[in-house]
Protein chains: 2
Amino acid sequence: MARTVADKSDTLEPLARVFREHGYEGASVSMLCEATGLGKGSLYHFYPKGKAEMAATVLAAWDGWFETNVFLPLRSAEDGKQAVGAMLDSLTETYRSGRRICIFGMLALGSARDEFASAISGYFEKWIDALEVPLEQAGVDDPRVVAQEIIASIQGAIVLARALDDAELFNNAMVRIRKQYVS
Amino acid sequence: MARTVADKSDTLEPLARVFREHGYEGASVSMLCEATGLGKGSLYHFYPKGKAEMAATVLAAWDGWFETNVFLPLRSAEDGKQAVGAMLDSLTETYRSGRRICIFGMLALGSARDEFASAISGYFEKWIDALEVPLEQAGVDDPRVVAQEIIASIQGAIVLARALDDAELFNNAMVRIRKQYVS
DNA sequence: GTCTATAAAGCGATAGAC
DNA sequence: GTCTATCGCTTTATAGAC
């Protein structure tokens, strides 16, 4: 069938979806072709180094999205408590109350961790650094450790919500974090 | 080379190690053969249904280990706070301060979740049920929700410790849980 | 930039000798 | 219970026509 000309940026969302839903090893090029609506030739035209380059590009895009929509607002907040609350709201939507997983967290637990180690650690380091700012502003003791705890709680809530197939569990975790640290 | 007769139970540890380190999709039968020191014929003799049966058996073995060494002590504890503390110590060793991951948590984030859904959810449900007992005994408010939070924190600590390659992060999380709920 | 055809390797799984 | 050989299929990746 005739196919319209695609832009590389159009592939990012379907690519991310497949990696999120199947993991790095579980995502095959065939799946990635089907999701993007492109043949192998087209996909390899955009990503000459193949699957690894697709995943790296997806990670970079998510990292950028978080930088703009999560990290930057945290760093530049005027009201610390309000900023952390806004982050929790934003993440609840982004992660679909735990129905969607964090692609960085997923990769951290898999065997592809080593290949993407710097992207994964860079992402979490930036998150911790950013979250520390409003926590300190809000007068929280040991803001860096608390930032780590909050991020770990969010990642754990995703794991548990998915394991038990219970989105309410994720939402409860967000409520608890809010009450405990910023209300 | 001549090979000594193997027992099926001898395969469980190497099998578990490969699944933990490579994920379900990432673990190939060749790897599983090499880790167990058995040829494909031998491995399929023990596990006629192949890789899926190997993983299911590994999960059942871990479930059994947790039942005996973690869940049962929690349920039958006389001192609630002491029992939760003992669990945290035990898990710190079991998970090697986050250097080792939880195979159930890993599967929950991957695409094999659906295939092993009941094993995964059963494991976490038993854990929550068991942990609720000593928490209630210790006078903690809303012990079931707190049990869920603690387990999520542990899973999240594994994710974050692995993402940042920092075992101290896991240990700090265990210390925080102890301080917050059972000291 | 798109596609189809194809290559080479690895996959999970099986058969059958010992 | 162990092994080797092999099957059929899918994998990632490439080549080359359009």
Side-chain angles (χ1 to χ4, degrees), chain A residues 1-59 103 106-107 110-116, chain B residues 1-59 61 103 106-107 110-116 119:
Chain A
M1 105 186 158
R3 174 147 299 293
T4 56
V5 176
D7 190 87
K8 185 174 173 177
S9 64
D10 296 333
T11 67
L12 282 173
E13 201 176 289
L15 253 28
R17 196 182 64 240
V18 174
F19 283 122
R20 254 200 321 267
E21 291 176 0
H22 294 89
Y24 181 69
E25 292 84 6
S28 74
V29 175
S30 311
M31 287 179 196
L32 297 164
C33 285
E34 197 184 350
T36 54
L38 294 172
K40 294 188 182 184
S42 304
L43 214 45
Y44 274 89
H45 169 74
F46 289 131
Y47 304 97
K49 282 182 287 196
K51 205 168 95 162
E53 189 176 357
M54 297 178 210
T57 309
V58 164
L59 289 182
I103 197 167
M106 178 210 78
L107 285 174
S111 55
R113 182 190 73 148
D114 294 351
E115 192 171 354
F116 301 106
Chain B
M1 104 180 162
R3 174 144 301 291
T4 55
V5 176
D7 191 86
K8 184 173 172 177
S9 65
D10 295 332
T11 66
L12 282 173
E13 202 176 288
L15 253 30
R17 196 182 64 241
V18 174
F19 283 122
R20 252 201 321 268
E21 292 175 0
H22 294 89
Y24 181 69
E25 293 84 5
S28 74
V29 175
S30 312
M31 287 179 196
L32 296 164
C33 285
E34 196 184 349
T36 54
L38 294 172
K40 291 189 183 185
S42 305
L43 214 44
Y44 274 88
H45 169 74
F46 289 131
Y47 304 97
K49 281 183 288 198
K51 204 167 97 163
E53 189 175 357
M54 297 178 210
T57 309
V58 164
L59 289 182
I103 197 166
M106 178 210 79
L107 285 175
S111 56
R113 183 191 73 149
D114 294 352
E115 192 170 351
F116 301 106

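The sequence lines fix the lettering, A, B, ..., with proteins before strands; numbering per chain opens at 1. What you see is a predicted model, and the numbers here were worked out from it, not measured in a lab.
C:dC11 atom P lies 10 Å from atom CG of B:L32, rounded to whole Å. Computed from coordinates, the B:E115 CD to C:dG12 P distance equals 13 Å when rounded to whole Å. For the pair A:L38 CG and C:dC3 P, the computed distance is 6 Å after rounding to whole Å. Counting to the nearest Å, the C1' atom of C:dG12 and the CE atom of B:M31 are 13 Å from each other. Here C:dG10 presents its C1' atom at 15 Å from CD of B:E34, a figure rounded to the nearest Å. In this structure, OH of A:Y47 is placed 12 Å from P of C:dG1, rounded to the nearest angstrom.
B:H45 contributes atom NE2, which lies 8.0 Å from atom OG of B:S42 (distance to the nearest 0.5 angstrom). Atom OH of B:Y44 is separated from atom CG of B:L38 by 13.0 Å, given to the nearest 0.5 angstrom.
Distance alone, capped at 3.5 Å, is enough to place a donor-acceptor pair between the A:K51 side chain and the A:A27 backbone.
Taking both residues in full, the closest heavy atoms of B:A112 and B:Y24 are given as CB-CD2, 3.6 Å, listed atom of the first, atom of the second, then distance. Of all non-hydrogen atoms in B:S111 and A:H22, the two that sit nearest each other are OG-O, 3.3 Å. Nearest approach of A:A56 to A:F116, heavy atoms of both residues: N-CE2, 3.9 Å.
Enclosure of atom CD in B:E53 by more than 12 non-hydrogen atoms of other residues, nucleotides or ligands within 6.0 angstrom is indicated.
Considering only heavy atoms from C-beta on, A:M54 comes within 4.5 Å of A:L43 through its side chain.
Along DNA chain D, the nucleotide nearest B:F46 and the nucleotide nearest A:S30 are compared for position; the residue whose nucleotide lies closer to the 5' end is B:F46.
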Restricting to nitrogen or oxygen on both sides, can you table the protein-nucleotides 13-16 of chain C pairs closer than 3.5 Å?
from   : atom 1 : to    : atom 2 : distance (Å)
C:dA13 : OP2    : B:Y44 : OH     : 2.9
C:dA13 : OP2    : B:K51 : N      : 3.2
C:dA13 : O5'    : B:Y44 : OH     : 3.3
C:dA13 : N6     : B:K40 : NZ     : 3.1

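Contact check of residues 15-28 of chain B against DNA chain D (heavy atom, cut-off under 4.0 Å) returns no residues at all.
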With a 3.5 Å cut-off and sequence neighbours excluded, list the donor-acceptor pairs that the side chains of residues 11-21 of chain B form with protein atoms.
from  : atom 1 : to    : atom 2 : distance (Å)
B:T11 : OG1    : B:K8  : O      : 2.5
B:T11 : OG1    : B:Y47 : OH     : 2.6

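OP1 or OP2 of C:dG1 has not a single side-chain nitrogen or oxygen of A:S42 nearer than 4.0 Å.
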